[in-house]
Structure formats: C-alpha cells, structure tokens
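Have a look at the structure below before the remarks.
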Amino acid sequence: MTSCQSVLPLTSCHSYSLPHSCVCVCVCQNASYLQRPDPDLPICVERTVLVWLPLAFLWLCAPWGFTTLCKKPAKAQLSKLYICKQVVAGLLLLTAIAELALTLAEDYGPSSDSTAQKHPAALYTNPVLFAVSWVVVMLCQECVRRRPRSVDSGSLFVFWLLQVLCAVFQFQTLLRDEEIDDLPRFCLFYISYGLQLIALVLSAIADVSPENPEAKATFLSRITFSWFNSMLIKGFKRPLVQEDMWDLNEKDSTQTICREFEDIMAKELKKAHSSLQKKQNKRKTKNDHQSGLAKGVSQDVLVMKEKKKKKKKDSESDYPNSWLVRTIAKTFKGVLLETALYKLIQDLLAFASPQFLKLMISFTQDKTSHAWTGYLYAVLLLVVAFLQSVILQQYSHRCLILGMKVHVALMAAVYKKVHLLKESTAGEIVNLISADAQRFNEVTNFLHLLWSYPLQIALAIAFLWIELGPSVLAGVLVMVLMVPINGWLATKSRGFQVENMKFKDTRMKIVNDILNGIKVLKYYAWESSFEAQVQEIREKELKVMRKFAYLSSVSTFIFSCAPAIVSLVTFAVFVSVSPDNILDAEKAFTSISLFNILRLPLAMLPELISIMVQTTVSKKRLKKFLSGDDLDTMAVTRDDSAAVSMTDGTYAWERDTEPVLKNVSLDIKPGRLVAVVGAVGSGKTSLISALLGELHSLRGRINIKGSVAYVPQQAWIQNTTLKDNILFGSNLDEEHYLSVVDACALGPDLDLLPGRDQTEIGEKGINLSGGQKQRVSLARAVYSSADVYLLDDPLSAVDSHVGKHLFERVIGPKGLLKDKTRILVTHGISFLPYVDEIIVLVNGVVFEVGSYDGLRASKGAFSEFLETYGKDKTQESDYEQIDTLLEGLEPQADDSPEDIVSSTLKRENSLRHSQRHSKRNGSVRVRKNSSVRFKKDSGDKKGQRLIEKEAMETGRVKFSVYLQYMRSMGWCFVTWSFLFYFIQNVAIIGQNLIGVFGALGLAQGFLVFFGTILIADGSISASRTLHTNLLSNILKAPMVFFDTTPSGRIVNRFAKDIFTVDEMIPMSFRSWILCILGVLGTLFVICLATPIFTAVVVPMAVVYYFVQRFYVPTSRQLRRLDSVSRSPIYSHFGETISGLSVIRAYGHQQRFLKQNEDTIDQNLKSVYPWFVSNRSALVLYIKLFFFFPTLFAVISRDSLNSGLVGLSISYALSVTQILNWLVRMTSELETNIVAMERVREYAEIKNEMTGPLLGIFRFDNYKVRYRPELELIFHGITCDIASTEKIGIVGRTGAGKSSLTNCLFRIIEASEGRILIDGIDISTLGLHDLRSRLAIIPQDPVLFSGTLRMNLDPFEKSSDEEIWTVLELAHLKDYVRGLPTGLQHEVSEGGENLSVGQRQLLCLARALLRKSRILILDEATAAVDLETDDLIQNTIRTEFSHCTVLTIAHRLNTILDSSRVMVLDFGKIVEFDSPSVLLNNKQRHFYAMAKDAGIRGGETSTAKNMST
C-alpha cells in the first residue's frame, strides 16, 4: 500500500488524479478499496471513467437531435419550463468555466508558486469537457423545442440520470473526508451536483396538458406508463363511458394506418399478380406439351389425374400468393424492428439472472466473503429484473399496438374491397373481420417468439454447456426428436382449422339470413326449422373444435414432459460420464434455473404452432378475398356522345352463367323519359344493373353522360335521420330540400314523425311503411340533381293515388325531373302514354322500341298487352271534385313508428293549395302548420330515437357469470380438471425438492394431459349450451326487439362473442388455473426454504390484491366499451353490403370509406387505452416478491445451506414470470368473460308471450301501439268477418294496412281489446299454433340462402309432387324445370339471384303449400307486372276459394271482386262494405281513390269479368 502511495502524493491523488499517472495507483487501490467491509472506488476512476461515461453518451446521441437545427424552425413558444432548463444548463456552464479559471489561476496566476507541482491534466480536461457538454445540452434542448409534437428528449433524460448516478461516488468520497482540503472546488462540485439534480427533475416534466396525455408524456412517463394514471383513477372512482376516451394520436388513426398499408398492398399485389400470370403461362405450356404426349393413355386415367390436379390447382393457384405477409411486414417494419430489439435485450437480460444466482450460491458457500457482496448481488438481481420488466412492458405494449394496427388495416382493406366486388355475403365479411383479421391481431404477440424461442433455447444450451459440458447434447437430442412429432401435429391442426372456418362462415350466413327475414320466419312459424339448421352446422363446428382441442392436449402433454425429460437425461449423462463430475448445489441450481428458462419456450411451442396454424388459415382466406377480381370500372364509359347508350350488349350476373341480356342496343337522347316494360324475369332490373356497371360484360359497350341517380326496386334506407337519408352526404340547400320533400309527398309524413325530419330511421327503414321508404329513396335521387335517373319500379310500393302524384310532380313531363334523362322500369300502364319512348323486354332481348302511339299502331305484342290490360286506365281524374270532397275532412295525427299514417287526404288538399297559390306562400303555410304541431309534440320526444344506445354492464363482472360458465361446462369437468392440475403442481414441487426427476416429470405430463382434455370437453359443452340458449332466445324475441336493435349488435354476439366463448375463455381459464396453482406452489417452496419470507408474504399479498383491484375496473370497463363500440362496425358493414349498388351508383364510396374509418376510430379509442391498462406498475411491484427472498438469503446465510438458497432464489426468479402472467391472465379472463356476460344478456331477453290454441274473424274494440311510449296505431277498431269471405283492405300509404297483418300474427300485442278467430281470443293461443295456421304472402318477398326446396318447405313435410304442383300454380314450374339443379337450385343470401317478381311468386307457392284456411296478402303483387298479377289473382281465386282471404292492395282492380272492402284511415275503419256500394257513393273515401285509379262506379262487374 505504502509503495503504491509513494508514486504520487496522497493529497493530489486523493483530490484530482491524473489518468496517466494514476494507473498503477488504481490497480493497487482497487484491491485495497474493495477487499474490506466498507468498499469504495478509487479516486482516479471517479475522476475519469465516471466523468467521461455520461458525457460520451451525450455526445453520441447529440448528432441525431442536431438535424432539427438545419431545418426551418417550427412555430414553438418559449415555455417557462424551456427557459428554466436553459437557465440551469447556463449556470452549469458557468460552474465549468469557474473551475477551469480556478485551476489556471492556481497554476499560472500572479500568486502561483512556479516551483510547485502543477495541477494534473484532469483538472483542465474535465472543466473543458463539461463546458462543451453544457453547450451541447442547450442546443439539444433548443432542438426539442423546434421539433413538431415533441415533448422532451429521452436521451437527455438518460444523460442526466447517468450524470447524477456517476457523480454519487464522488459525492460520498468528498463527504467521507474528515477535513476539506480544497474549499472552492468542494463548493463548485456541490453547486454543480444540485443543478444536475434540478435538471434531472425538469427533464421528467412536460409543460403541456392536451386532450391525449400520451401525446405530451415525457420519457420517464412513457417508460412507466404513468401518463395513464388519470384514466385509472377515473375508472376506479366510477365506470368509464365512451365520452371519457381520449382522442387517438394521429399515427394510430385508421386513416394514417390504411393510407400506408394500401399503397404497399397495391404494389405487392401487382407483383404477385404478374408472378401468378407467369406461373399459369408456364403450367399451360407444360400441360399443352403433356397433352400431346398423353394421347395414347386411357381416358379414365387421364380424367382421374385431371380431377386430382384440379383439386390441387383450386386450392393453390387461383389467386396471387405470399403478398399479404410481405405487405404487413413492409408497412409496419418500424414497429417490427423496434419490438425485435426490445425482445432481444429482454432475452439476454433473462440469462443474466442465472449467472447472478450462481454468484449468490457461491457467496452463501464462502463464509469469508464480505456481506456487502451479497447485498450487491441482491441489488444487481433486482436492477436486472427491473430493467427486464421495463423492456418487456415496452415490448408487449408495442406488440399489442402492432396487432391493433394490422387488424385495423385488414378490416379497412376488407371494407374497401367490398365496394369493389359485385356481391359478397354478410356472413363471410363478418367472419373475415371478426375472426380472420382478429387472428392477425393476436398473432403479433407471438410473432417474435418464432426467433426468440430458438434463441433462448440456444443460449440456454450454451450456458448449460459451460456448466455441464458435452452432457447437455443428450438433452438437445431429446428436443430434436420432438420436432417431427410437432410438425405432424401442426399439419393435422391446420386441416381442422380450415374445416372449422368453413362451418363458421356457413353458420354466420344463415344467422344473417334469419335476422334479415325474421318477420317472415315469425309469420310462417319457421323458427324451429331454422334453429335446427343452425344447430346442425354448430354441432359440426363443435366436433371439429373437439378434435382440435384433443390434438392440442397431446401437444401440451409432450411439451410438459419435455423440460423434465431433458433435465433428467442431461443430469444422468453428466454424472455417469465421469466419476469426477459431481452435481453440487451451485451446478444443480444454476442448471435448474437454466432449464426453467427452457421450460417456457418448450411449453409455449405447441401453442405457438397452433396459433400459427390458425393464422395460416386466416391468411389464406384474407388473401383469397382481397386479391379477388374487382368490378370492371371501365364497363361504363362517361363521354358526351349520348345521354345513355348501349351497343350490342350481352351481360350475365356471373362470368360463367347464362347471359340475362342478349344483344341489347339502346340510344337515349338527353332529357327523355323512357319506360322499360316486360313480364317478370324478362330482364328489366338486369338492364338497370348493367347500366350501373354491376353485371359482367360478355360483349358490348355502355356510355352514360354525366352523373347517375338510382332508385332500386327495394328501397335501401340507412340507419340515420330521415333528413340525412334524403341529403345522402350532399350539402343542404333548404329551398331545394323543401321542394323535393313536397314533390315526393313526404310533407304530411314529417308532421306525424316524432322528430320531423330529424327522426331516426331504424335499420332497413324498419319504422317506415313500404311506400314511405320508396318515397324517401326517390327523394334522395331527386335531391342529388343528377344528369341521368335510373328508376327501378319506384311506383310499385305506393298506392295509385300517390303513384300518380309522384309521376306528375317528379318523374313525368311536368315534374321536377322534366329536363333530366329518366329510365323508368314500370308495371303501371296508366303512365305509358306520357313517356317519350317505351322499351319492351322479353327474355333479356329488346323486343320492341317506340312511342306509346307507335307501339299501339304496330299491333305487336305490346299492343295486345294493352288491349287486355289497358282499358280505361288512362282517364283523367276530376281533381276539383275530389278537392271539394276532401276539404271537409279534418285529419287526426297518429305517431306510430312502423306505419306512420301519411295523411294523403291532407297531402292532396295541400297539393291543390300549392297549385292555386304561389309556391312560396304554400311552403310558408306548410311550415307554419308544422311548427304548431311540432310545438304540441315537443313535450314527448320519446319516439324520436328508435335505436337506443347499446346496454352495457358496469362494475365488476358478477360472480354469477363465472358460475354460469362453469355450470355450462359441467361441475364434474371443472372439479376433475382442477384436481389434475393441483396434483400436477404438487408433482413439480416434489420433482425439485426430492429430485426424482424422471417419474414425477412424466407423471405431471400425464396430469396436464388429462386436465387439458377435461377442460376442452367442458368448454365445448359450455360453447354448445351458450350458443343454443342464445339462438333459441333470439328467435323467440318479440319483433319490437328486432325493430330497435341494429342487426350488427346481434351479429356481434354470434360472431365475436361466441368466438371468444369458443376459443379465448377456455385458454384464459386454463392458464389462470395453472398460474394460480403455480404461484401458490412457488410461494410454498420459498417459505419452506427461507421461513423468514413468511412474514413478508402476507402483507405483500394484501397490497398486491388492493393494487390489482385498482387496475382491473378500468381494464374491464374498457373491454366492455370495446365490445359495445365494435357493434356499429358490423352494422355499418352490413348496411353497406345491402346498399352497395346504390352507394356505387351515386359514387359515394369515399364517403362510406371515411364513415367506416370514423366508426373504427371510435372503437380504437377504447381498445388503445385497454392495451395500456395491462401495462401497469403492478408488474414493477411484483419484482419485490423476488427481491425479498434474495435479501433474506443474504441476511440468514449462516443458518441456510446453499442448496435451499439456490432452490429459494431459482423459484423466486420464476415467480415473477408467473405473477406477471397471472396479472395478465386475471385481466384477460375478466375481460374475456365480458363476452359471456353479453351472450347471457341476449339469452335472457323477454320472449314473445305464448299460451295454449285456434279460424271467423272478430275485431273487438282493438287498440294497439308499437311501443309503450308511443301513440296508438289503431283507435279501437270493431268488425266481423265471416268464414270464406274475401276482404280487400285499402287506405292511403301508411294508413296502417300492414300493421293489421302484424296484429293478426301477434308480431305486436294488443294494448286493449282483442281479436277472435273462431271465437277464440288469439292472445290465448300458442304463437306457433296461431302462426302455423295462417298463410301470408308478404309485402317484401324474403328468401333464405339454401335450396329452392328448403325455401318452400323447410320442415320437409311435403313430397316433391306437391311442391311441383304448387310451383305450377305459381307459374314457376317452367322456370324451375329450366334450372340445371331444379328444386335443389341454390338461392343466394336474400334471394339476390332471383328477380323480385320471381321471389314474390315463390312466396305465393309457399302459401299454397301451407294449405291454410286463412290467407293474408300484404300488397303481394306490387312488384309484378299486370299479366303475372292477373295470373296470381286467378290462382288465389281458385285455390283459396274455401279460405278467408284478407288482401291489402295498392291496385284497386285486384280487390274489386272482394266480398267487402275495408277502408282504413288514421287507424280507424272509415268504410266497410261491398265494392259496388262504396263506388256508387260519391262522398266516400273509396270512391275518391277509385277515381284516381281511373275506376268508375259500376265497374266491379267488368273487373270480375276481366279477372275471370
């Protein structure tokens, strides 16, 4: 020691050592400073290495920040915080200058001693380095201020932290000195240290508090996620709501994510398409060559080979391959590389712990080592664990964000693709976004494990080699042998997964059908048939799920045994190879902790493989969908040659099907009104679709000049306000809007709606009558002010009076559209004389074209048609006469949401007024009246919102939800699986305590296998029960539930929530049980090894529980908000699919894409915080669990043997991992069980009332309302209808005609009074009994996906002969016979592959097959041409002559031969008598309506003769 010190005077070395002169001192002092109970660092290290280390870090990071200085500065204010930071850096600069000046003065100043030894170089270099560094810091802080959206610099925070930590050693050295040798430097150091502490604190503060705290979170806040605390506190105090969610960061918004993804996807798809083309060309050349060689080969052999090839080809090469993963990788490469780096650091840190454990054990064995060594190891273990945890948190968070972004990108891509496809089924789309895109979301958590696990295994083997030498190769060999087994399991799993997704698609397709046609199902009492269909598919799905679960159990068994077998084989070989190999505590426990690191990769590999398998299946489905052929956007050109022209057009619905239009040529001049007429199935709608570019062009060219507006045959109404439905994204022009509303006869309807034009319209226009929907659809087209109007039979859904009004005021030669080009598909003969041109279609061919008079004169098919059906249809009405009749009648308001009574009388009245007075005055008068009525109704706004916000549970998930899930599983399964897992845990503990590796290792493998199989069986039983209850209850729910619940919400239950119940909950449940048992077992072992730990465990467990209770409410509520905000995404998808042709016709794709982005963003607002809520500080707290056993091992090392210390610490190392997992699993289980809660909510909806049976009608003071808070629809109607009577029911659009049908079928229940059938009150009958005895041909012809036969006879009660008979009666026999598969012809979703008229005829066939004594026709022939209408009427007269028939009609001539006619108005029966009596009384309502339809008194006999 003395010889060392003599090299340099102690004072100079002690104060400020030179780097070059102190090297030997440092080496000598190192031993002296550390080999003592109170260690210290040498002064020269403090003065050189510890000073230069933080400065080196700063200088390395500074250049990255300086790039901002070169750019134009962003406008940023000088905040107080910024000024404080710069002032502190400035003061530090002054201290550095002062220290340099002091050294210079002492060495070269006037009072200096020239003979004395000069100060060492460090006293010159350090102040200079500091001075330059403080200038660099000031520049860096300026760079941060100039950088847009930047809050602080992470590198500056780390620099200040390093600076403060490194200076601590110098700080304590100066304090240890008993006397102060150098007061000026002493003072300068402490001033500088104080300023550095202030700088560190300032660097951890942000000076802005925006809407989203993350955007302005500092580096420290970002790595600890403390910026999220405000939401946690809010969530703990009260349940969170959507309004509490913060705005998204711009980089996380759907628009930003999609823009980049779509750009890269377009490039990758282009490459993939060209490589596919090359492949196909190569194959084609090869096949041509082979076919040349194979001419001599037997034909049968060739056919067989061809079939095999075809199968393979279909599965592999019909669409571009391997572009999706590349697109995702390129789009998110930044996040992928970042997460990879975090994962690498975390993996490397994981291997530091076993090395410290080794040092700890050697410390406990060596009783001479100083106590501080043990404490240092304990602290280092804690620091490593803390760093590992921080990095793991950042890694997990970024992985979840990556998953979210991939999911969003895929959802948006699927939605965009929907706009480009001809048609797609809602079921398939829902599965693509709820299951397939979701899988990609989940796989990102496991993505890096593909390289991380092999790396961990390799590193573990390397460290084991160091410990045990070549013996470790025996263990490696065991692992290698497991690879082929794994490969086989993966292949089998993939097959099951593909099968499972097919069943899911089919099931969702039928569920969508059921929801779309629920009213028809209830009319026909077909619920049980459709329930059976869904259940049959569900059973197949569950069968595949069971196979998949069993396979997973085998996989789990293999990998549960793996660590035990590997360690057993390795130790056995190590001991037996040489007698010198002794397995002491140090070696054994270091090896065991390394084997424990191996345990997770080996145990997780089967799960990783199964997830990858599932994702491969989803990847294939998404690739196939996203790379499918788009609609040909060039099919319709837009030059200025003619308004509408088609040259030699041949078009088909599908590429390989028969053409529906053949050699059609049209040339329509601008401003002309052209009518298209023809029988059902003649191709009228196909012609309109071709003009819209919706059909596949086989030949020909279409040109349309200017913009297009389209009114479909079945009105498409959005779930938004009535005003928004009409505006359809256009800007509001008040005057134009009012004129459109008036012309489309919507004024009086607005008066009666609860919120006027702000009333919310339900999905598919559920709270509007058929006529109102069609008028809104027409109003949308008129308001758009397009150049060309394609009107697909818009007048069929309205009565003749309104039809005439719409033709006069809107479509006809004097209407609002008089200067526009209009193509009108119509069955109404009365309008034909006023059109410029008529196109007659027959079987997809243009049969005749010409003017009305020209075609009549030509004596062709059209002329004959008119002769038969056109007598006296074109006479003008005497408006004045009707006007006088109507002025005396005062209408009464009726606020029913389903069929809001349109006061057509009042409308006609105001119509006449608007013709007599100026337009302006008229509109003022209407508005004045409206405002009076509006004021009167303003007190009761209950009916304005139809769709209520989705109900959502709050607070903790009730324990009864967990109990119900376990009950659904079966208590036997739950108990036995828990028991198996418990014994398995005991086996693991025994394995480590006793050391019987082999037997217990295998035993615990078998126990896990049985436990997993039992849980799989239980969860499949639960899935079956829950789905059955949900489906059964949904089908029994009252109609009002479907009216007020968007189908997206119900679909969400069957898609996402059932997916969670099937796949996520069982996994979470199993992991949770294993984690709980693992934690308890580990704590037991630690307490056994270090009994003192027992004193800490209880208080820590209590604190742990309360801290977790603080975090979980927020996490759980965010999960619920996620579920609720996901339903609108499905609803919007469904709405878009049903209205695709309308959206495309108006060119509004971009607006809907934007709306989709906004809907997804709303969902992301709750998804993103949920990710953060899982990254809690709780995980950092868990590290203390591990620190205490280590600390106690140091404290009581004299009383513990090294073996127990090793056991205790190796278990403590694993407990942090298990506790981490437990936090995650508890949160995941509680958030996943929310799906169970949501399924239970819909499985407990109040059912339709049922009671015991059954057909003479009597209405007895019958009153009804749609919902309790709304006004009456029927105001006490009373009447009697005799058996076999034929009753016609008429009334203006919205008069309540269809509501009468709903009452008969008890779709809505009576508020007062009753309906008697055969003297029995129908409310006492069972619903199934009642509905199965009534037959209906509904207003909207609804068909279901399946065969034609299934649509007619879902219960398969009738023979094929009976079905062919009814098809003949419905005039469909020839059509069905002409189909390749006849009765087995597949009907697409919603019957889209049949025309509306054909669908209506199928509904007639359905009613005929039912052989009911009571038939209700709800405007059943509105969508068919007059000839078909006449055929239907004849069939009804002959086949239903023995039945009571109620006919709701728009076409009065169809009910003129009824026994009696019931005239409804404002929910009352105003007239009820025979047609002849009603027509002969000119004061009657019926007379006025007949007058409009061109029918005169005394014509009933003519009508009868015509019909016969």
Run the side-chain contact (heavy atoms from CB on, under 4.5 Å) test against Thr1025 and tell me which residues pass, sequence neighbours left out. Ser968, Ser1021, Asn1029
Within the structure provided, determine whether Phe440 and Leu622 are in side-chain contact (heavy-atom separation under 4.5 Å). yes
Residues in ring pair (Phe, Tyr, Trp, His ring centres under 6.0 Å) with Phe236, at least two apart? Phe1110
Within the 4.5 Å heavy-atom criterion, are Phe978 and Leu1077 side-chain neighbours or not? yes
Nearest 0.5 Å please: distance from the CG atom of Leu1164 over to the OH atom of Tyr1168. 11.0 Å
Within the side chain of Ser396, is there an N or O that forms a donor-acceptor pair under 3.5 Å with the backbone of Gln393? no
Taking only residues two or more places apart in sequence, or in another chain, which ones meet Phe973 in a side-chain contact (heavy atoms from CB on, under 4.5 Å)? Leu1014, Asp1017
Salt bridge (Lys or Arg N to Asp or Glu O under 4.0 Å) for Glu1063 and Arg439? Distances and angles first, verdict last. CA-CA 11 Å; Glu1063 300 194 15; Arg439 283 238 165 80; 2.9 Å; yes
Selection residues 1021-1031 - residue pairs positive for salt bridge (charged side-chain N to carboxylate O under 4.0 Å, His left out), sequence neighbours left out: Glu539-Arg1024
Under 3.5 Å donor-acceptor, Arg398 side chain and Val335 backbone: no
Among Arg546, Lys504, Lys502, which residue satisfies the side-chain hydrogen bond (donor to acceptor under 3.5 Å, both in side chains) criterion with Glu541? Lys504
Backbone N/O of Ser1123 and side chain of Asn1052: donor-acceptor pair under 3.5 Å: yes
Of all heavy-atom pairs linking Ser1019 and Tyr965, the shortest is CB-OH, 3.7 Å
Check salt bridge (charged side-chain N to carboxylate O under 4.0 Å, His left out) between Glu442 and all other residues, then give those that pass, not counting sequence neighbours. none
When you compare the side chain of Lys620 with that of Val498, does any pair of heavy atoms fall below 4.5 Å? no
Salt-bridge criterion met for Arg1120 and Glu1237 (N-O under 4.0 Å): yes
Evaluate whether atom OH of Tyr550 has more than 12 neighbouring non-hydrogen atoms of other residues, nucleotides or ligands under 6.0 angstrom away. yes
Residues Val511 and Val534: closest non-hydrogen pair is CG2-CG1, 4.5 Å
With sequence neighbours left out, write down each residue that passes ring pair (Phe, Tyr, Trp, His ring centres under 6.0 Å) with His1027, or none if nothing qualifies. Phe1054
Under 3.5 Å, is there a donor-acceptor pair linking the side chains of Gln535 and Arg538? no
How many angstroms lie between atom CD1 of Ile401 and atom CE of Met404, to the nearest 0.5 angstrom? 5.0 Å
If the condition is ring pair (Phe, Tyr, Trp, His ring centres under 6.0 Å), which residues does Phe1069 pass it with, not counting sequence neighbours? none
Would you kindly say whether Ser1023 and Asp1062 are connected by a side-chain donor-acceptor distance under 3.5 Å? yes
Residue Lys543 excluded, over 12 heavy atoms near NZ under 6.0 Å: no
When rounded to the nearest 0.5 angstrom, what is the spacing between CG in Asp347 and NE2 in His448? 11.0 Å
Once the angle between the rings of Phe980 and Phe1010 is folded into 0 to 90°, is it parallel (under 30°), tilted (30 to 60°) or perpendicular (over 60°)? tilted
Within the distance-only criterion (no hydrogens, no angle test), does the side chain of Arg1053 pair as donor or acceptor with the backbone N or O of Arg1049 below 3.5 angstrom? yes
Can you name the side-chain contact (heavy atoms from CB on, under 4.5 Å) partners of Gln346, sequence neighbours left out? Lys343, Gln388, Ile391, Leu392
Short N-O contact, Lys1056 and Asp1122, less than 4.0 angstrom: no
Going by the rule ring pair (Phe, Tyr, Trp, His ring centres under 6.0 Å), which residues pair with Phe1009 if we only count those two or more places apart in sequence or in a different chain? Phe557
Residue pairs involving residues 549-560 (criterion salt bridge (charged side-chain N to carboxylate O under 4.0 Å, His left out); sequence neighbours excluded): none
From Thr339 OG1 over to Phe332 CZ, what is the distance, rounded to the nearest 0.5 angstrom? 12.0 Å
When the ring planes of Trp227 and Trp246 are compared, do they come out parallel, tilted or perpendicular, using 30° and 60° as the limits? tilted
Shortest non-hydrogen separation from Lys1165 to Met245 and the atoms involved: O-SD, 3.3 Å
Reported NE2-to-CG distance for the pair His407 and Asp436, which is rounded to 0.5 angstrom: 9.5 Å
Return the set of residues passing side-chain contact (heavy atoms from CB on, under 4.5 Å) with Ser1115 (not counting sequence neighbours), or none when no residue passes. Trp1170, Ser1173, Asn1174, Ser1227, Thr1231
Flag, side chain of Gln242 to backbone of Gln1162, donor-acceptor distance under 3.5 Å: yes
Set of side-chain hydrogen bond (donor to acceptor under 3.5 Å, both in side chains) partners for Ser977, sequence neighbours left out: none
Would Ser1127 and Arg1238 count as a side chain to side chain contact (heavy atoms under 4.5 Å, CB included) if you check the C-alpha gap in whole Å, the side-chain angles of each, and the deciding distance to 0.1 Å? CA-CA 12 Å; Ser1127 297; Arg1238 285 160 57 78; 3.9 Å; yes
Rounded to the nearest 0.5 Å, how far apart are CZ of Phe548 and CZ of Phe496? 9.5 Å
For Phe503, is the CZ atom crowded, meaning more than 12 foreign heavy atoms sit under 6.0 Å from it? yes
Looking at Met612 and Leu447, what are the two nearest heavy atoms and their distance? CE-CA, 4.4 Å
With the side chain counted from C-beta on, respond yes when Ile1015 and Ile1073 share a heavy-atom pair under 4.5 Å apart, and no when they do not. yes
Write down the atom of Thr444, the atom of Cys399, and the distance for their closest heavy-atom approach. OG1-O, 3.4 Å
Could you check Phe1133 against Val414 for side chain to side chain contact (heavy atoms under 4.5 Å, CB included), going step by step and ending with a plain yes or no? CA-CA 10 Å; Phe1133 264 74; Val414 167; 4.2 Å; yes
Looking only at non-hydrogen atoms, find the nearest pair between Thr1060 and Pro1066 and report the distance. O-CD, 4.2 Å
